[in-house]
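Proteins get letters first, then strands, A, B, ... in listed order; numbering begins at 1 in each.
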There are 2 protein chains.
Amino acid sequence: MTSPAPPSLDQVFTALADPTRRAILSMLLEDDMAVTDVAEPFAMSLAAVSKHLGILAVAGLISQEKRGRVKWCKLEPDALREASVWMQAFGQYDGVNLDAFERFLAQELADPALDGSDVHSTS
Amino acid sequence: MTSPAPPSLDQVFTALADPTRRAILSMLLEDDMAVTDVAEPFAMSLAAVSKHLGILAVAGLISQEKRGRVKWCKLEPDALREASVWMQAFGQYDGVNLDAFERFLAQELADPALDGSDVHSTS
DNA sequence: AGCATATTCAACCATATAGTTGACCTTTTA
DNA sequence: TAAAAGGTCAACTATATGGTTGAATATGCT
């Protein structure tokens, strides 16, 4: 078998263009999941979700490892970095909202438990 | 005429998924260009390039202004901000809570002035 | 062994996308 | 005023995409 081609920007951006696939990535952000569990919240067939996962895998955004009869899906954030870097070339994001973003992250990472509904409250 | 809907992540990522459109963005990074000049290096019809530019415009990635018979195309890097920040959440911070992040993003995009940062500072 | 579970495969359908060509409208120029 | 230049529109074609269903393939359980 040939070694897999590195994911292209085409594949990464195409994968990200679908809201179902972005939702899947969000789910995998929290934890690794089996295909069936990924599919559960969606109003579409298991086969359809399986296809979406295949597209995400080809794009390098997730990896899939089969243990027993269960195929585990894992977020692979590295693939996003290439695309992110590409985008940075266009953004003069200097002052925009990265300051606010970093403050958000600081709070988020400091105390993920209290982010229920008042993300920006300081209380 | 209705005010244009703000570009969605769908539209931005879909626009970025095509190599021709990414090449166009690269060209516009250097300078504003007329439609005919944008089309010149591509081995496709002017109409096809015109369509690509329309897709980029709907995604908010470029703006188009008609002066005389010439329509000038200008890069609008701000539209990349939302998508880029969305990606950063995956690329760098494993533990980030996406629900909170989405709320942050919604507020940020709705009213950047409210977040207390010096949004337009020239670093 | 036999059945249930987890996942994919294959065939199919509807719609979207990227491209073409030729006609058309508007603006500039001779 | 007539012709050329800059773009878009409309109709069409081919292919890609996202979804379905039913059958097939493994693996695990009793």
Side-chain angles (χ1 to χ4, degrees), chain A residues 1 4-5 7-28 31-75, chain B residues 1 4-5 7-28 31-75:
Chain A
M1 58 179 289
S8 66
L9 282 176
D10 275 32
Q11 289 170 319
V12 173
F13 283 129
T14 296
L16 293 177
D18 185 278
T20 298
R21 289 192 288 264
R22 289 199 306 276
I24 290 173
L25 291 179
S26 297
M27 294 166 61
L28 293 178
D31 216 341
D32 299 358
M33 296 178 80
V35 174
T36 303
D37 295 328
V38 170
E40 195 270 332
F42 295 101
M44 70 181 71
S45 68
L46 179 62
V49 172
S50 178
K51 280 191 198 174
H52 282 303
L53 288 168
I55 290 168
L56 288 168
V58 165
L61 292 167
I62 67 169
S63 59
Q64 296 182 290
E65 182 199 358
K66 195 169 176 182
R67 285 205 302 271
R69 60 182 168 181
V70 174
K71 199 166 189 178
W72 292 94
C73 304
K74 182 182 187 320
L75 192 65
Chain B
M1 56 181 283
S8 65
L9 282 176
D10 276 32
Q11 289 171 319
V12 172
F13 283 129
T14 297
L16 294 177
D18 184 279
T20 298
R21 289 192 287 264
R22 289 198 307 277
I24 290 173
L25 292 179
S26 296
M27 294 167 61
L28 292 178
D31 216 342
D32 299 357
M33 296 178 79
V35 173
T36 303
D37 295 329
V38 169
E40 195 270 332
F42 296 101
M44 69 181 70
S45 69
L46 179 62
V49 171
S50 179
K51 280 190 198 175
H52 282 303
L53 289 168
I55 289 167
L56 289 169
V58 165
L61 292 167
I62 68 167
S63 59
Q64 295 182 292
E65 182 199 357
K66 195 168 177 181
R67 287 205 301 272
R69 62 182 167 183
V70 175
K71 199 168 190 177
W72 292 93
C73 304
K74 182 183 186 321
L75 191 66

Gap between atoms CG and P, on Asp18(B) and dA16(C) respectively (whole Å): 18 Å

Proximal nucleotide (of dG19(D), dG7(D), dT8(C)) relative to the Ala47(A) side chain: dT8(C)

Touch class at under 4.0 angstrom, heavy-atom based, for Leu53(B) against every strand present: nothing

Between C1' of dT28(C) and NZ of Lys71(B), the distance in whole Å: 18 Å

Phosphate OP1/OP2 of dT8(D) contacted by Lys51(B) side-chain N/O (<4.0 Å): no

Check: dT26(C) base within 3.5 Å donor-acceptor of Arg69(B) side chain: no

side-chain contact (heavy atoms from CB on, under 4.5 Å) partner of Ile24(B), chosen from Leu75(B), Val38(B), Asp18(B): Val38(B)

Within-4.5 Å side-chain heavy-atom neighbours: Lys71(B) and Ser50(B): no

Length of the line joining Asp10(B):CG and dT17(D):C1', which is rounded to integer Å: 14 Å

Rounded interatomic separation in angstrom, taking CD from Glu65(A) and C1' from dT27(D): 16 Å

Distance in angstrom units between Trp72(B) CH2 and dT27(C) P, rounded: 17 Å

Distance-only donor-acceptor test, Lys66(B) side-chain atoms vs dG7(D) base atoms, 3.5 Å: no

5'-most by nearest nucleotide on DNA chain D - Arg67(A) or Thr14(A): Thr14(A)

OP1 or OP2 of dG7(D) under 4.0 Å from side-chain N/O of Ser50(B): no

Check: Leu61(B) and Leu16(B) side chains under 4.5 Å, non-hydrogen atoms: yes

Heavy-atom side-chain proximity of Phe42(A) to His52(A) below 4.5 angstrom: no

N/O (side chain, Ser45(A)) to phosphate O (OP1/OP2, dT20(D)) under 4.0 Å: yes

Pairwise 5' ranking along DNA chain D for Met44(A) and Asp37(B), keeping only the more 5' one: Asp37(B)

Nearest non-hydrogen partners of Arg21(A) and Thr14(A), listed with the distance: NH2-O, 3.1 Å

Distance in angstrom units between Arg22(B) CZ and dA18(C) P, rounded: 12 Å

Spacing of Arg21(B) atom CZ relative to dT17(C) atom P, expressed in whole Å: 9 Å

Nearest-nucleotide pick for Ala48(A), side chain only, options being dT8(D), dT20(D), dG19(C): dT20(D)

Given dT20(C), dG7(D), dC9(C), the nucleotide with the shortest approach to the side chain of Leu46(B): dG7(D)

Distance in angstrom units between Ile24(B) CD1 and dG19(C) C1', rounded: 14 Å

